[in-house]
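Atom set for the values below is all heavy atoms of this structure, side chains included, hydrogens, waters and symmetry mates excluded.
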Amino acid sequence: MLNKIPLSVKILIGMLLGLAAGHYVAQPYQAINSVADGFVMLLQMTALPYICLSLITGIGSLTPGKAKSTVKASIILVLILTLVSVTFILMTPISFPDWKNASFYSASTIKTEAEFDLVKLFIPANPFNAFANAVIPSVVVFSVFVGVGLMTVRGKRHTLAVLTNLQSAIGNISGIVMKLAPIGVFCIGYRALATLDMSQLEALSVYIVASAVLTILLAFVVFPTIVATITPFRYRSVIKVCREAMITAFATGSFFAVIPIIIEKTKALIAERIHIDKDSDKVANILVPITFSLPVGGKLLGLVFTLFAAWFSGAYIGNNEYFKLIFVGIPQLFGTTTIAVPALLDLFNVASNMFDLFLVAENLVVGRLSSLLSVSFASCFVLLVVSHISGRIVFKTNYVIRNLLVLPIVFASVFFGVQHGFNKLSLQYKGYEKFIDRDLLYERVNATKLEKPNANGQTQQPFTDVLTRIKRRGFLRVGYFIDDLPYSFQNKEGNLVGLDIEIINMLAGDLEVDIEFVKILHEQAEPLLSSGYLDMTSGIPVIPDNMKRFSMTVPYSEQSIAFLVKHRRRAEFTDWQKVVAREDLIIGIPETLFYRDEVERVFVNGKAWEISTPRLFFRENYQHIDAMLFGAAALSGWSLLYPEYTVVVPKPALKPIYMAFPINKNDLAFELFMRNWIDMKKQSGRLDELFRYWIEGQSPESAIRVNIE
């Protein structure tokens with residue numbers, strides 16, 4: 001009975017069951033993660049060998065004379081079609097609604113992009129290294145050269161037969177892997193939904209709808225219209241020749257599976273409309289398989305996901321970064337999108353966990369849309385090349401001008417309509433709630449909270465050592481700073497929470513005492529610690545200015561230096577040298593990070609303002625400040641409260657700053673105790689758990705689960 005169910009239906013059922021199971025389970029089991037990762041790796045396993053063999057056999061089967069005319073026409077036309085595709089792809093952000101988006105801190109937030117070297121990317125000095133490290137553009141160049149070298153080899157028929165059989169064998173392996181797809185996509189859907197919240201799934205609909213609209217317009221309007229405008233083939237004939245293959249490709253989610261259908265249908269239409277020589281009849285046999293390896297057609301939807309992921313996570317991609325998206329991003333698409341998308345996300349510092357969203361969308365419907373678009377592209381590409389080499393290209397000036405004017409207007413109108421429809425839905429921004437709803441990960445000890453220190457707190461005498469004082473009074477007295485996200489803040493229930501607050505609760509629990517939290521200003525910390533009124537405060541950056549004022553524990557965490565800026569100004573702050581060289585910028589630096597000597601040394605041209613609290617940066621009378629310089633983890637917390645801002649780590653990334661707790665001076669016993677206690681918590685993994693929960697925003701189950709594994 002099961003054997004009668006089409007594979008495409010099984011895959012769809014597997015994905016739906018996985019999503020349903022993930023909806024009711026907080027976290028996937030380790031086995032689920034292993035199967036999901038293993039299936040993705042199996043999909044990637046045959047990609048490079050198939051690309052190499054298809055290019056070698058396709059190019060090697062040509063004669064030198066025929067290859068010259070075919071290659072020339074093919075290159076020109078594939079560039080034109082790709083340029084048209086990319087032009088409309090870059091219009092897709094028009095369809096993205098005006099929804100507020102922001103995300104917790106991620107390790108990818110502090111990644112700076114690697115310098116891009118075109119020569120090393122495309123020229124394989126060591127082909128084996130290119131294969132081993134999946135440097136796809138280098139693999140493609142190597143394969144092309146081998147194919148060109150094979151064209152003039154005598155007796156190449158036997159070599160081509162062997163390589164073609166090997167290519168078919170690898171295709172069979174892909175077929176075997178696809179039989180495991182229902183199980184693989186079940187695990188992917190299970191894991192994705194178990195680790196994602198509904199706001200992400202709701203936002204994913206933006207990518208799916210944008211991809212669907214783009215695919216329909218390109219596959220059924222733009223590509224067939226181009227062919228009908230400049231070749232003997234009519235629009236209806238083009239749609240008819242693509243129809244069967246597009247339906248099958250959409251149903252199976254596989255462009256590879258319909259390559260024979262495309263070849264036979266296009267050859268039949270060419271024979272019906274154009275009288276060509278025997279060699280030209282082989283064009284379809286060569287070009288259709290080659291398009292499977294090229295970054296064209298449906299593969300370009302990977303660029304759409306990159307634009308969507310940047311929009312969703314707040315990593316604004318400005319017009320000046322489109323050059324990088326096109327010339328750096330497109331070469332990544334020579335392989336499969338499962339290989340390319342992580343690299344594209346990394347290219348724009350987008351959180352890597354967005355890849356799970358991509359896999360969900362890809363297996364739900366976008367993979368099918370991609371296959372459909374690839375069919376239309378390949379069919380129209382072959383028809384254009386054959387028309388060119390047979391001298392049947394005719395530019396109908398009136399039609400060309402009309403289409404150049406009408407098609408962009410149609411696309412823009414449709415995308416604006418999609419945006420309007422999404423805006424009507426008014427998706428509620430939930431980043432603030434996800435942040436402010438958090439409570440302590442572990443059990444809270446008994447605690448009281450004072451809004452200000454006692455009047456005599458700064459002159460309290462006599463001084464006794466901290467550990468003795470804590471034991472006598474029965475509680476640990478800790479000063480906490482206002483506006484210290486995400487280290488200490490009040491949640492929606494009015495409870496004091498945050499990374500530092502959780503660590504202090506853990507400390508009090510081990511000391512078997514209660515806690516008295518006292519709200520203080522930064523200038524109050526030094527005298528209140530010196531007098532013995534406070535035992536310690538919440539953490540501050542370890543910089544010389546702070547070290548002069550306080551004794552500090554060993555570091556318990558670290559932050560990378562970053563800027564917080566409006567989305568539209570992101571591109572202005574991606575390079576340190578350009579930032580410090582500008583004389584028109586005003587940089588706000590919270591007082592706890594205002595290392596005066598270093599600030600005066602670095603910001604010679606620009607202006608650096610010391611602000612008492614990060615909250616001032618968002619007030620109307622401080623809007624003359626262009627950016628706020630602070631730790632990336634802290635800034636990510638503020639971006640959740642103010643999602644119109646984004647975190648930027650300029651390159652080259654500076655060394656991170658450490659966070660430590662100020663304590664009483666000259667109390668060596670307490671300093672030694674805190675050193676050993678923090679080292680113990682680091683070794684046990686508890687501090688990593690708290691970092692994942694408070695800074696990276698992971699769920700309680702996920703934060704603890706990672707340590708268990």
Taking C-beta and beyond as the side chain, do [X] and [Y] meet within less than 4.5 Å on heavy atoms?
| X | Y | answer |
| --- | --- | --- |
| Leu307 | Tyr322 | yes |
| Leu383 | Thr231 | no |
| Val222 | Phe411 | yes |
| Lys265 | Ser379 | no |

Can you tell me how far [atom2] of [Y] sits from [atom1] of [X], rounded to the nearest 0.5 angstrom?
| X | Y | atom1 | atom2 | answer |
| --- | --- | --- | --- | --- |
| Leu384 | Phe233 | CG | CZ | 9.0 Å |
| Leu294 | Ile330 | CG | CD1 | 11.5 Å |
| Phe358 | Thr306 | CZ | OG1 | 8.5 Å |
| Leu325 | Leu344 | CG | CG | 7.0 Å |

Taking only distance into account, with no hydrogens and no angle test, what donor-acceptor pairs under 3.5 Å do side-chain atoms of residues 76-93 form with protein atoms, sequence neighbours excluded?
| from | atom 1 | to | atom 2 | distance (Å) |
| --- | --- | --- | --- | --- |
| Thr82 | OG1 | Val78 | O | 2.6 |
| Ser85 | OG | Leu81 | O | 2.8 |
| Thr87 | OG1 | Leu83 | O | 2.7 |
| Thr92 | OG1 | Ile89 | O | 2.5 |

Option from Ile239, Val241, Thr229 for which side-chain contact (heavy atoms from CB on, under 4.5 Å) with Pro224 holds: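 That would be Ile239.
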What heavy-atom pair brings [X] and [Y] nearest, and what distance separates the two atoms?
| X | Y | value |
| --- | --- | --- |
| Ser374 | Gly297 | OG-C, 4.1 Å |
| Ser95 | Ala210 | OG-CB, 3.6 Å |
| Ser376 | Leu218 | OG-O, 4.4 Å |
| Leu333 | Pro295 | CB-CB, 3.6 Å |
| Val375 | Cys242 | CG1-O, 4.1 Å |
| Gly329 | Leu303 | C-CD2, 4.4 Å |

With side chain to side chain contact (heavy atoms under 4.5 Å, CB included) as the criterion, how do Leu373 and Leu300 come out once you've worked through the C-alpha distance, each side chain's angles and the decisive distance to 0.1 Å?
CA-CA 10 Å; Leu373 182 57; Leu300 294 176; over 6 Å; no
Ring pair (Phe, Tyr, Trp, His ring centres under 6.0 Å) filter on Phe96, not counting sequence neighbours, yields Trp311
Practice task
Please report the C-alpha distance between Thr266 and Phe381 in whole Å, then the side-chain angles of each, then the deciding distance to 0.1 Å, and finally whether the side chain to side chain contact (heavy atoms under 4.5 Å, CB included) criterion is met.
Solution key: CA-CA 10 Å; Thr266 52; Phe381 176 50; over 6 Å; no
